Amino acid sequence: MNRRMMIKEINALKQARNAVILAHYYQYPEVQDIADFVGDSYALSRKAAETEADTIVFCGVHFMAETAKLLSPEKTVLLPEADAGCPMADRITADDLARYKAENPERTVVCYVNSTAGVKALSDVCVTSANAEKILAHYQDHRLLYVPDKNLGNYVKRKFNLDLEAWPGFCCIHNDLTVELVTTMRKRYPDAALIVHPEAPLDVLDEADYVGGTKGLIEYVKTSPHSQYLVGTEEGLLHEMHKTAPEKDVIVLTPDLRCYDMKKTTLESVHRALKTNTHAIEVDPEVAQGARRAIDKMMALSEQ
Ligand code: SF4
């Protein structure tokens with residue numbers, strides 16, 4: 001089937017099933033373009049909770065579709081590629097966290113949204129890269145464990161001078177950024193502003209003109225006066241930057257900023273998901289209840 005026919009069929013199936021397609025900014029441009037809504041983890045979670053559609057096709061990785069299911073348990077949530085996971089989320093299991101909590105009962109557990117439902121269920125509050133600073137500002141007098149991303153954890157720890165232990169997980173894409181690479185690219189593009197996602201190592205963040213989650217990076221490119229940017233996050237985000245600020249020149253720091261799992265989803269897999277109802281996400285009801293509590297807490301605090 002050619003691309004035009006494929007898109008036509010996706011739209012027809014979507015209408016017949018009263019479905020909505022949600023896509024993360026790291027997806028392929030053609031997948032972002034067929035989505036009803038493109039966003040970061042937080043915005044997509046909110047969309048999933050608000051939508052009146054019967055079916056959500058989640059173009060992203062497993063923890064994102066799982067979070068959508070937690071917020072819309074009565075809906076069918078489909079992940080087009082069953083094995084699209086997140087290596088960072090896999091860095092901690094619910095059993096690991098249960099063991100840690102038994103040994104460190106005094107620590108309040110903050111989990112990044114990039115975690116399994118089982119880990120969320122054992123956490124006190126969830127955060128995303130967009131709201132981590134705002135939420136953690138409420139926990140300045142707590143003793144904290146932050147899971148699973150050591151980089152974002154250490155970034156907020158230093159910013160608010162927190163008593164925070166960071167789980168030694170990381171994103172294999174962002175964690176590979178180095179100061180050497182930044183120095184080389186800055187020499188090549190001396191007028192460019194450097195903007196970096198907080199999943200990058202702390203010494204790289206120290207070099208940046210702006211640090212922020214995906215939505216923050218887009219806003220910065222749109223509103224700041226620079227005309228050229230070196231972007232330290234997954235290359236898929238450049239598609240949205242080109243759309244929202246076409247007059248700006250955005251350059252990814254390295255072509256290695258490409259998430260293999262995010263790039264598993266294609267137009268073909270979205271089409272198959274709608275046609276064959278694959279792969280439906282299910283979460284154990286007891287786990288779901290605990291995980292929802294951590295997400296509800298995040299949503300309540302991010303409204304304040
Ligand atoms: S970019 Fe990193 S954190 Fe995001 S899904 Fe891929 S591996 Fe996970």
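Indexing begins at 1, ligand by ligand and atom by atom, following the structure's order. Quick caveat, the model's predicted, so the values are computed rather than measured. Hydrogens, waters and symmetry mates are skipped; everything else that's a heavy atom, side chains included, is used.
The pair E234-K263 meets the salt-bridge criterion, with a side-chain N (NZ, NE, NH1 or NH2) lying under 4.0 Å from an Asp/Glu carboxylate O. With respect to the salt-bridge test (charged N to carboxylate O, under 4.0 angstrom), the residues R107 and D124 do not qualify. Contact check on R158 versus D206 returns a salt bridge, with a Lys/Arg side-chain nitrogen under 4.0 Å from an Asp/Glu carboxylate oxygen.
Only one option out of N175, D176, V182 pairs with V204 in a side chain to side chain contact (heavy atoms under 4.5 Å, CB included); it is V182.
Using cut-offs of 30° and 60° for the angle between ring planes, the Y220 and Y210 rings count as parallel.
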In residues 9-16, what donor-acceptor pairs under 3.5 Å come from side-chain atoms, sequence neighbours left out?
| residue | atom | partner | partner atom | Å |
| --- | --- | --- | --- | --- |
| E9 | OE1 | H271 | NE2 | 2.7 |
| N11 | ND2 | I7 | O | 3.3 |
| K14 | NZ | D36 | OD1 | 2.9 |
| K14 | NZ | D36 | OD2 | 3.4 |

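Below the 2.8 Å limit, atom 2 (Fe) of ligand 1 has as protein N, O or S neighbours C171 SG.
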